[in-house]
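Note that these values count all heavy atoms, side chains included, but never hydrogens, waters or copies made by symmetry. Throughout, numbering of the chain's residues begins at 1 and tracks the sequence.
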Amino acid sequence: FNKTLNNGLGDRELHSQSNFVDVKIDILLFEGWFNGIKKSNNIIGDHLEFINKKLENYEEIWMYFDSFISLIPEKYDFSRIWRIETEKIN
């Protein structure tokens with residue numbers, strides 16, 4: 001996914017335009033809000049049930065990661081403010 005495409009809205013990049021690395025990598029930064037999140041058994045509500053079901057698809061992928069680091073803002077609203085600021089810059 002290339003966030004610089006479509007005036008900052010992002011889009012999938014063509015395979016032929018992707019950059020490939022042919023060396024051993026020590027650290028791979030894989031950013032996203034749901035990385036490492038597993039389904040929960042304590043879900044209430046249809047919308048959350050839908051999300052929970054989708055998270056099942058990623059559980060096998062998470063096994064390939066050695067660790068996850070989560071940055072959690074002091075206030076939940078900060079992440080929304082940061083996203084708006086970032087989109088204005090781009």
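Considering only residues two or more places apart in sequence or on other chains, F20 meets the side-chain contact (heavy atoms from CB on, under 4.5 Å) condition with H15, S18. By the side-chain hydrogen bond (donor to acceptor under 3.5 Å, both in side chains) test, D11 pairs with N6, sequence neighbours left out. A search for side-chain hydrogen bond (donor to acceptor under 3.5 Å, both in side chains) contacts involving E13 returns N2, not counting sequence neighbours. Residues forming a side-chain contact (heavy atoms from CB on, under 4.5 Å) with L14 (at least two apart in sequence, or on another chain): S16, Q17. Remark: V23 pairs with V21 by the side-chain contact (heavy atoms from CB on, under 4.5 Å) rule, at least two apart or across chains. Residues satisfying the salt bridge (Lys or Arg N to Asp or Glu O under 4.0 Å) criterion with K39, sequence neighbours excluded, are E56. For D77, the side-chain hydrogen bond (donor to acceptor under 3.5 Å, both in side chains) partners two or more places apart in sequence, or in a different chain, are R80. By the side-chain hydrogen bond (donor to acceptor under 3.5 Å, both in side chains) test, S79 pairs with no residue at all, sequence neighbours left out.
Residue Y76 holds its OH atom at 12.0 Å from CD1 of I81, rounded to the nearest 0.5 Å. Annotation: the span from I51 atom CD1 to K53 atom NZ amounts to 14.5 Å, rounded to 0.5 Å.
With hydrogens and angles ignored, the 3.5 Å screen pairs a side-chain donor or acceptor of W62 with a backbone N or O of I37.
In I25, the CD1 atom is crowded: over 12 heavy atoms of neighbouring residues, nucleotides or ligands sit closer than 6.0 Å. Atom CZ of F78 is surrounded by more than 12 heavy atoms from other residues, nucleotides or ligands within 6.0 Å.
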With a cut-off of 3.5 Å and sequence neighbours excluded, list every side-chain donor-acceptor pair involving residues 64-75.
none

